2 protein chains.
Amino acid sequence: MSSRITLPKKIFVSVDSVIFGYRDRQLFVPLFRRRVQGGGEPFPDCWSLPGGPLLDGETFEAACRRKLEEDIGLKIEYLEQLYTFGAPERDPRDRAISVSYFAFIRWPENPLVAGRDAREARWFPLDAIPTGPFAFDHREILDTAIQRLRGKLLYQPIGLNLLDDEFSMADLLAIYEAVLPRKLDRRNFSKKILSFKLLTPSRVVARARGRPTQLFRFDRKIYQSLQREGFSIGT
Amino acid sequence: MSSRITLPKKIFVSVDSVIFGYRDRQLFVPLFRRRVQGGGEPFPDCWSLPGGPLLDGETFEAACRRKLEEDIGLKIEYLEQLYTFGAPERDPRDRAISVSYFAFIRWPENPLVAGRDAREARWFPLDAIPTGPFAFDHREILDTAIQRLRGKLLYQPIGLNLLDDEFSMADLLAIYEAVLPRKLDRRNFSKKILSFKLLTPSRVVARARGRPTQLFRFDRKIYQSLQREGFSIGT
DNA sequence: TCAAAAGTGTTATATGTACACCCATGC
DNA sequence: GCATGGGTGTACATATAACACTTTTGA
């Protein structure tokens, strides 16, 4: 007889995401402020990550997309599983585990919508995450995601998923500098990236003052092979 | 009102582990053969990873250790979360998700014990994993672990957790060669490893024929800093 | 005394790093 | 015409890769 039927109590499974977006040479993360008036919900007025319960018959990824694309209106460009958090006391109500995901979007045209469960929704730059209290262990999840971002950009070309179809080398560089502890040399960075043959020049456009910028597109085929094989930036 | 209380049906959470051990210049993984006579249990006679349900109030890691150390008698030297598998149909009975872990042990003195749920327990070398059917998605979990192993050895010194207190450079090299697709140059490998100042020579012993071997120990402090900062082997 | 295992050194090549200069634009 | 942002090239330092010879033992 299976022990699984009797032993453990019901466990709630939620899927929460840390989403990264890029704009104006900065990386942003959306956070949602939970409602104040409780109704049994813990952590009133705290900041939280977008997420919710895993529904019957739904994959983790589908749950992510349902929440992010349908509820919040973000188009996901890149999605990977981050980590599963399950400390016994992380939810004061019941045993609850959170399968967390890590996502990139292109900067959306529309502002964030707060949705039913939140009273406020805001993009925060990585260097100005709110210091106020977070719901559950969402602060830890966020920190884990930032760490993963830092590590992963260095050996996979995933940063490209943060950019528009056409982008400048300076924008790509800015993503790295927003995440890494140090500055990179603009010239060496450019040479390195171009050496992968990943980018093809598209147009030259005038942005603000200064010399016009070369825009690039990236090649999906080469992207995928670099994604598999790995590359290396900035050592 | 919380939607979490009504919406999803009960989800079973299990914690499964892929364990790596090193012996005789080869890497091994323990697999367990499930019993034949069913009793409601699916996948009779299939190979499976050690694991079981997450109990109330127990962390994932504690569940791993309970299963591996208490039930199977292995002493875990290194443990990290691998991935969480949750395809809706992975368990024919109910919705079930598996939080999987990745572990290293030192080669145990005692043989594997099969435990209650298994009719056979065996160590398999990585290049001779059984081709027969696996329970659930355990084959996929195993493959994910091997991939992770391959990637992670290159930039973290975790391989040392597979070895005894004292070990030879040839043993360390063999771990890398068992996992990587290619051979490494013995001389360059040795220079590289020694350059980290991670190893201190202990004794010189005669093994079989040939010149006696220098044994080393590793420095826990330096290990930890390399673990944090990362290193790089074999590029 | 020979073969197996292990230790040590040198050199060419590739890669990374640190730079300085020129170009095209908006103000 | 000058400050700003962007493009390109070169010399130097460092890391990796390829490779050969010697040492010490057991059989």
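Residue numbers begin at 1 in each chain, while the letters A, B, ... track the order of the sequences. Every value quoted in this text rests on a predicted model; they were computed, and no experiment measured them.
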Measuring centre to centre across the rings, with the benzene-like ring taken for any Trp, is A:Tyr78 within less than 6.0 Å of A:Phe20? no
Distance check: side-chain N/O of A:Lys191 vs OP1/OP2 of D:dT8, anything under 4.0 Å? no
Flag for A:Asn161-A:Tyr223: side-chain donor and acceptor within less than 3.5 Å: yes
Would you mind reading off the distance between [X] atom [atom1] and [N] atom [atom2], rounded to a whole angstrom?
X: B:Ile233; N: D:dA17; atom1: CD1; atom2: P; value: 11 Å
X: A:Asp185; N: D:dT10; atom1: CG; atom2: P; value: 16 Å
X: A:Gln214; N: D:dG5; atom1: CD; atom2: P; value: 19 Å
X: A:Leu172; N: D:dG6; atom1: CG; atom2: P; value: 13 Å
X: A:Lys192; N: D:dT8; atom1: NZ; atom2: P; value: 18 Å
X: A:Phe189; N: D:dT8; atom1: CZ; atom2: C1'; value: 17 Å
X: A:Phe196; N: C:dT15; atom1: CZ; atom2: C1'; value: 11 Å
X: A:Asn188; N: D:dA11; atom1: CG; atom2: C1'; value: 12 Å

Which word best sums up how the rings of B:Phe124 and B:Trp47 line up, parallel for under 30°, tilted for 30 to 60°, or perpendicular for over 60°? perpendicular
Using the ring pair (Phe, Tyr, Trp, His ring centres under 6.0 Å) rule, pick out the option among A:Phe32, A:Phe134, A:Phe136 that qualifies with A:Phe43. A:Phe136
Between B:Arg106 and B:Asp164 (side chain of the first, backbone of the second, donor and acceptor by atom type, cut-off under 3.5 Å), is there such a pair? no
Restricting to non-hydrogen atoms, name the atom on B:Asp16 and the atom on B:Arg90 that form the minimum distance, rounded to 0.1 Å. OD2-NH2, 4.4 Å
Quick one: label A:Arg207 by what it contacts on the DNA or RNA (base, sugar-phosphate, nothing), any heavy atom closer than 4.0 Å. nothing
Protein-nucleic acid N or O pairs under 3.5 Å, nucleotides 25-27 of chain D:
{"residue": "D:dT25", "atom": "O2", "partner": "B:Gly210", "partner atom": "N", "Å": "3.4"}

When only distance counts, do a donor and an acceptor, one from the side chain of A:Arg186 and one from the base of D:dG7, lie under 3.5 Å apart? yes
Check whether the side chain of A:Arg187 and the base of C:dA20 form a donor-acceptor pair under 3.5 Å. yes
Side chains of residues 208-218 of chain B: which donor-acceptor pairs under 3.5 Å do they make with residues two or more places apart or in other chains?
{"residue": "B:Gln214", "atom": "NE2", "partner": "B:Arg203", "partner atom": "O", "Å": "3.2"}

